[in-house]
> 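Please find one structure pasted underneath; my questions will follow.
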Number of protein chains: 2
Amino acid sequence: MGAAEVIFLESGYAAASMDAVAARAGVSKATIYVHFQNKRALFEAIVHRRTDAVFQALQLSDSRTDVRRMLTDIALNFVTMILRDDTLSVYRVVLAETPHQPEVGEAFYHGGPAFTRHKVGEFFVSLEKRGLMDFTGTDPFMVADLFLAMLAGDAHIKALFTAKPDEDRINRVIDTAVDLVLCRCGRHDVSRPPVSP
Amino acid sequence: MGAAEVIFLESGYAAASMDAVAARAGVSKATIYVHFQNKRALFEAIVHRRTDAVFQALQLSDSRTDVRRMLTDIALNFVTMILRDDTLSVYRVVLAETPHQPEVGEAFYHGGPAFTRHKVGEFFVSLEKRGLMDFTGTDPFMVADLFLAMLAGDAHIKALFTAKPDEDRINRVIDTAVDLVLCRCGRHDVSRPPVSP
DNA sequence: GTCTATAAAGCGATAGAC
DNA sequence: GTCTATCGCTTTATAGAC
C-alpha cells in the first residue's frame with residue numbers, strides 16, 4: 001500500500017494531513033500537489049484503487065454438484081474478505097466521507113458491495129440452470145442479497161465497531177445461513193449430503 | 001436535537017468545530033467548556049443520547065397467533081428505524097470515530113445493534129414457548145441475528161453510501177426474509193395463512 | 001520534478017472581566 | 001455562568017529557487 005493509503009485509512013479523511021502523507025512517502029508536500037490537484041482528488045484516487053483491490057478478489061469456488069459445499073466455500077471467502085483489517089478501514093473511511101463527497105460513496109458502493117452481490121447473483125442463476133437450485137417464487141439476485149447480508153450480519157457490525165467475533169461463531173453463522181437458503185431454494189433431491197449410517 | 005447533535009451528525013467528529021457548535025447553540029465557546037471538559041467528552045455524551053433515543057424505540061408488535069404477520073410488522077418497524085436519516089448519520093459518525101475512540105464504538109454497538117438483536121432474540125424465545133416457532137437444530141438468537149441482517153442487508157448499505165432504495169424493493173426484501181425464516185423455523189401447521197379459494 | 005519557506009486561515013482551549 | 005479576546009498550534013495550498 002502506498003503512503004497515502006495508510007495515512008487515510010488509519011486517520012480518516014479529515015484527520016489525515018498532507019504533511020503526514022508527505023512524511024510517510026518521503027517526499028515534500030509540494031511534490032504531492034504536482035500529481036494531485038488537492039486533498040480530495042488524492043482521496044478519490046485512493047478509494048478507487050482500494051475498492052477494486054479488495055472486492056474483485058472474491059473467489060466463487062465451484063465443486064461440481066455439492067451445493068452445500070459450494071455455498072459454504074463462497075461464504076467463507078466472503079466473510080474472510082469483509083473482515084480483513086484494510087477492508088474494514090476503507091469501509092469506515094469512505095462511509096464517513098460520503099455525506100461530503102457523495103461521488104466517493106457512490107463509487108465504493110457500486111465497485112464494492114453491489115459488485116459482489118451481482119457476481120453471486122449470477123452464480124446462483126448458473127446453479128439454477130444446472131438444476132442445483134430452485135428460485136421458483138423468488139429471484140436469485142434477491143436471495144444472493146439476503147445470503148450475503150446474513151453472512152456479514154452481526155459479525156461485520158461487531159468488527160466495525162468493537163472487535164471481530166471468534167471463528168466458532170462465524171462458522172455457526174455460515175452453517176445456519178446456508179441452511180436457510182437451501183431450505184428455501186435448495187433442490188432436496190441433490191443438495192443434501194448422504195446421511196451417515 | 002441539540003445544536004451539538006446537529007453539527008456532529010452532519011459534519012463528522014473531526015470536521016465539526018466547537019465554533020460551529022457554539023454559533024448554532026447561540027452561546028459562546030467558553031460556555032460550552034464550562035459544561036464539557038473537551039470536544040471528546042461532548043461527543044461521547046451526544047453519542048450516548050442519540051443511541052438510546054434511536055434504538056430503544058423499536059416496537060415488537062404481537063398479533064396473537066399470526067406469526068407471519070408478526071415478523072412482517074417487526075421487520076417493517078426495524079427497517080424504518082435503521083433507514084431514518086438521523087440513524088444513518090449517527091452510524092456513519094460513530095463508525096468513523098471508532099478507531100480513535102474505541103469506547104464510543106463499543107457503547108454504540110452494545111446500546112444499538114446488539115441491544116436490538118437481543119430484544120428480537122428474546123421475542124423469538126417467547127414465540128417458541130407459545131408453540132408458534134420451532135428452533136430445533138438451531139438457536140433463536142442466531143436466527144434473530146440472521147433475520148435482522150437480511151432486513152438491513154443491501155438496503156442499509158445502499159442508504160449509507162448512496163441513497164435509500166425504493167419502498168417496493170424494501171417490501172420484497174421483507175417478504176423474502178420472512179419466508180426464509182418461516183421455511184426453516186416456522187410451525188407449518190400454524191404459520192401459513194389460509195389459501196384463498 | 002523536487003525542494004524550502006511561508007502565506008492565510010481555522011482549530012481547540014483558556015484567561016480574565018463582569 | 002457567560003461573555004470577549006486571544007494564545008499557540010496545525011492545516012491546506014502555493015511561490016520561487018534549483
Side-chain angles (χ1 to χ4, degrees), chain A residues 1-51 89-90 92-108, chain B residues 1-51 89-90 92-108:
Chain A
M1 274 200 301
E5 260 137 313
V6 175
I7 300 295
F8 274 112
L9 292 190
E10 75 187 18
S11 307
Y13 179 81
S17 78
M18 297 297 270
D19 279 304
V21 173
R24 193 176 172 108
V27 299
S28 78
K29 244 190 319 185
T31 301
I32 298 178
Y33 280 97
V34 171
H35 299 283
F36 299 92
Q37 208 192 347
N38 50 35
K39 189 180 173 182
R40 283 170 70 118
L42 174 59
F43 181 65
E44 215 162 327
I46 285 173
V47 170
H48 275 85
R49 262 203 6 204
R50 296 299 318 159
T51 303
S89 291
V90 74
R92 283 193 202 97
V93 171
V94 172
L95 186 53
E97 203 48 25
T98 290
H100 312 109
Q101 298 182 236
E103 328 82 46
V104 176
E106 193 111 12
F108 176 80
Chain B
M1 274 198 300
E5 260 136 313
V6 175
I7 300 295
F8 274 114
L9 291 191
E10 76 187 18
S11 308
Y13 180 80
S17 77
M18 297 297 271
D19 279 304
V21 173
R24 194 178 171 104
V27 298
S28 77
K29 241 188 327 182
T31 302
I32 299 178
Y33 281 96
V34 172
H35 298 284
F36 299 92
Q37 206 191 347
N38 50 32
K39 190 180 173 182
R40 284 171 69 119
L42 173 58
F43 181 64
E44 215 163 327
I46 286 172
V47 170
H48 275 85
R49 262 205 3 205
R50 297 298 319 159
T51 304
S89 291
V90 73
R92 284 194 201 98
V93 171
V94 171
L95 185 53
E97 203 47 26
T98 291
H100 311 109
Q101 298 181 235
E103 328 80 47
V104 175
E106 193 109 16
F108 175 80

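Note that these values count all heavy atoms, side chains included, but never hydrogens, waters or copies made by symmetry. No experiment lies behind these values; they were computed from the predicted model shown. Below, chains carry the letters A, B, ... as their sequence lines are ordered, and counting in each starts from 1.
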> Which atom names give the shortest non-hydrogen contact between A:A16 and A:I7, and what distance separates them?
CB-CG2, 3.8 Å
> Along nucleotides 5-18 of chain C, 5' to 3', which nucleotides get a B, which get an S, and which get a -, given that the test is a protein heavy-atom distance under 4.0 Å?
------SBBBB---
> For residues 96-105 of chain B, which side-chain donor-acceptor pairs fall under 3.5 Å, sequence neighbours excluded?
from: B:T98; atom 1: OG1; to: B:V94; atom 2: O; distance (Å): 2.9
from: B:H100; atom 1: NE2; to: A:E10; atom 2: O; distance (Å): 3.3
from: B:H100; atom 1: NE2; to: A:S11; atom 2: O; distance (Å): 3.4

> Check each of A:F36, A:F108, A:Y13 against A:F43 using the ring pair (Phe, Tyr, Trp, His ring centres under 6.0 Å) test, and report the only one that passes.
A:Y13
> Restricting to pairs with a member in residues 20-31 of chain A, which pass side chain to side chain donor-acceptor pair (under 3.5 Å), not counting sequence neighbours?
A:D19-A:K29, A:S28-A:T31
> Identify the two heavy atoms, one from A:M18 and one from A:I32, that lie closest to each other, and give their separation to 0.1 Å.
CE-CG2, 3.8 Å
> Taking DNA chain C as the partner, which of residues 3-11 of chain A come within under 4.0 angstrom of it by heavy atom?
none
> Mind jotting down which residue pairs meet the side chain to side chain donor-acceptor pair (under 3.5 Å) criterion with at least one end in residues 35-49 of chain A? Sequence neighbours excluded, please.
A:E5-A:R49
> Specify the residues of residues 94-105 of chain B, ordered by number, for which at least one heavy atom lies under 4.0 angstrom from an atom of DNA chain D.
none
> I'd like to check A:L42 versus A:F8 (side-chain heavy atoms, cut-off strictly below 4.5 Å). Are they in contact?
yes
> Looking only at heavy atoms, what is the nearest atom pair of B:A14 and A:A15, with distance?
CB-N, 4.3 Å
> At less than 4.0 Å, is any side-chain N or O atom of A:S28 found next to OP1 or OP2 of C:dC3? Yes or no.
yes
